[in-house]
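Single-structure report; data block below.
The analysis underlying the following values was restricted to heavy atoms, covering all of them including side chains, and did not include hydrogens, waters or symmetry mates.
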Amino acid sequence: MRIAVVTTWYPNKARFREGTFVQDYVEALRTRHDVEVFHWPALPHVPRWVNSVLFRLSVWPRFADAHLRNRFDLIHAHVVLPAGQVAVDLGSVFGLPVVLTEHSSPFSMHTKSYASRWATRETLLKAQVVVAVSEVTRWEVQKFAGVAVEVVPNLVPDEFYELGRTGPAFHSEQPHVLFLGRLDRQKGYDLFLEACRIGMAGVHMAVGDGPMRNLPRWGCRLNEFSTHHERTYAGARKAALDWIAWADVVVCPSRWESFGMVAAEALASGCPVVVPSGHPLAGRPGTFLYAPGMFTYWNDDESPGKLTIYLAGQSSPRRLNIGSPQAVSLLAWLRSKGENLRKD
């Protein structure tokens with residue numbers, strides 16, 4: 001089968017990490033099919049409608065030329081606007097079925113104006129198959145458009161599972177606590193910094209880039225055994241593997257997520273993860289976890305003063321001791337913030 005992948009998110013020289021989950025889909029499809037990617041990255045600091053127009057102008061002529069040379073059988077689009085909208089228009093003109101995978105977090109980013117709500121609903125209705133990467137995203141899409149949605153999670157490359165079988169043991173003297181990913185409010189980087197500042201033991205490392213890169217880090221050196229470092233994350237998958245191998249626990253205090261790629265990669269590597277109770281990989285609040293080796297903290301007020309932690313599975317090659325000060329202080333602090341870490 002010959003498949004055209006239409007996406008705005010895809011790794012490039014300027015943004016190595018952006019859209020690696022789309023690249024994972026492409027590499028998996030290429031093991032059995034002929035796949036061609038039609039990508040045009042969004043320009044920063046310009047209106048969304050301008051990027052949509054530029055994306056359409058870039059993709060249409062390249063797609064038409066490739067299709068005339070060697071006909072496609074299927075279009076796979078990632079994210080409803082603008083890639084999904086362009087894909088369903090291409091499918092209509094060239095008589096091709098369209099599979100649309102939705103990754104957006106929060107999905108409400110596509111429903112802020114009448115025009116975007118109309119375009120989003122029409123795109124979802126025209127796609128032959130709509131896929132969400134998590135139950136959270138499926139619920140958001142179905143609530144908005146009332147269409148049938150299947151759940152197909154993002155893929156984790158084999159290298160991360162291999163690391164889980166061969167990775168180093170727990171660093172018992174100074175646990176390595178890692179924040180990996182975009183340094184911004186959505187990912188909870190400010191929460192991680194504050195947890196470092198107020199008393200989390202161990203060696204703390206933030207690896208990433210983003211708008212909070214220069215956030216003041218005063219007070220992060222908590223005691224003589226505690227340090228905090230920050231490194232620029234070049235984005236290559238090898239760098240993620242190296243840092244997860246360094247860590248004893250990965251902290252992902254995201255305020256909202258559609259899937260949570262870093263958490264999935266860490267879990268596949270055998271490294272325990274700390275996430276909020278509403279995280280897509282943690283299951284719905286009030287239920288046990290789907291993923292082994294994961295800790296959750298609760299952010300509701302049903303049990304004031306109490307910390308509820310679920311730990312599923314005891315066989316991870318590396319595991320943060322549930323009674324250790326760094327686990328309790330981090331989780332207790334995050335819970336005490338009382339913030340709604342899952343955006344409605």
Side-chain angles (χ1 to χ4, degrees), residues 16-17 20-21 23-24 105 133-134 153-171 174-183 186-189 191-192 195-196 200 202-210 229-231 233-283 289-297 309-322 324 326-327 330-331 334 341:
F16 294 96
R17 179 72 177 173
T20 52
F21 43 85
Q23 187 179 43
D24 293 337
S105 176
V133 294
S134 69
N154 283 336
L155 308 177
V156 177
D158 290 342
E159 303 93 285
F160 290 92
Y161 292 95
E162 181 62 28
L163 178 62
R165 292 188 288 270
T166 62
F170 177 75
H171 301 90
Q174 290 198 63
H176 292 177
V177 182
L178 175 67
F179 178 100
L180 174 65
R182 196 167 63 251
L183 308 182
Q186 178 203 340
K187 300 298 183 182
Y189 179 55
L191 304 182
F192 175 76
C196 293
M200 184 170 58
V203 179
H204 317 134
M205 183 72 73
V207 182
D209 204 352
H229 304 279
E230 185 175 343
R231 298 287 186 270
Y233 181 45
R237 253 341 180 353
K238 180 64 167 60
L241 282 164
D242 289 344
W243 283 115
I244 291 173
W246 172 89
D248 294 308
V249 61
V250 175
V251 179
C252 301
S254 300
R255 287 179 164 90
W256 65 90
E257 286 282 5
S258 62
F259 180 74
M261 203 66 225
V262 171
E265 290 170 348
L267 287 169
S269 304
C271 188
V273 175
V274 176
V275 297
S277 56
H279 193 282
L281 298 183
L289 304 178
Y290 300 143
M294 182 179 286
F295 302 91
T296 64
Y297 56 87
I309 304 175
Y310 287 126
L311 175 62
Q314 299 293 324
S315 60
S316 298
R318 288 167 292 166
R319 186 172 74 250
L320 188 65
N321 187 335
I322 198 67
S324 63
Q326 65 274 10
L330 173 68
L331 297 173
L334 286 167
L341 298 186

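- Closest heavy-atom contact between Val250 and Ala266: CG2-CB, 3.8 Å.
- The two atoms that bring Ala263 and Val273 nearest to each other are O-CG2, 3.8 Å, heavy atoms only.
- To the nearest 0.5 Å, atom CG of residue Leu180 and atom CZ of residue Phe192 are 10.5 Å apart.
- A search for side-chain hydrogen bond (donor to acceptor under 3.5 Å, both in side chains) contacts involving Ser134 returns Thr137, not counting sequence neighbours.
- Among Asn154, Leu241, Ile244, the one residue that satisfies the side chain to side chain contact (heavy atoms under 4.5 Å, CB included) test with Glu265 is Ile244.
- Ring geometry for Trp246 versus Trp243: interplanar angle over 60°, hence perpendicular rather than tilted (30 to 60°).
- The minimum heavy-atom distance linking Ser105 with Gln186 is given by the pair OG-NE2, 3.9 Å.
- For the pair Ser269 (side chain) and Phe160 (backbone), a donor-acceptor distance under 3.5 Å is present.
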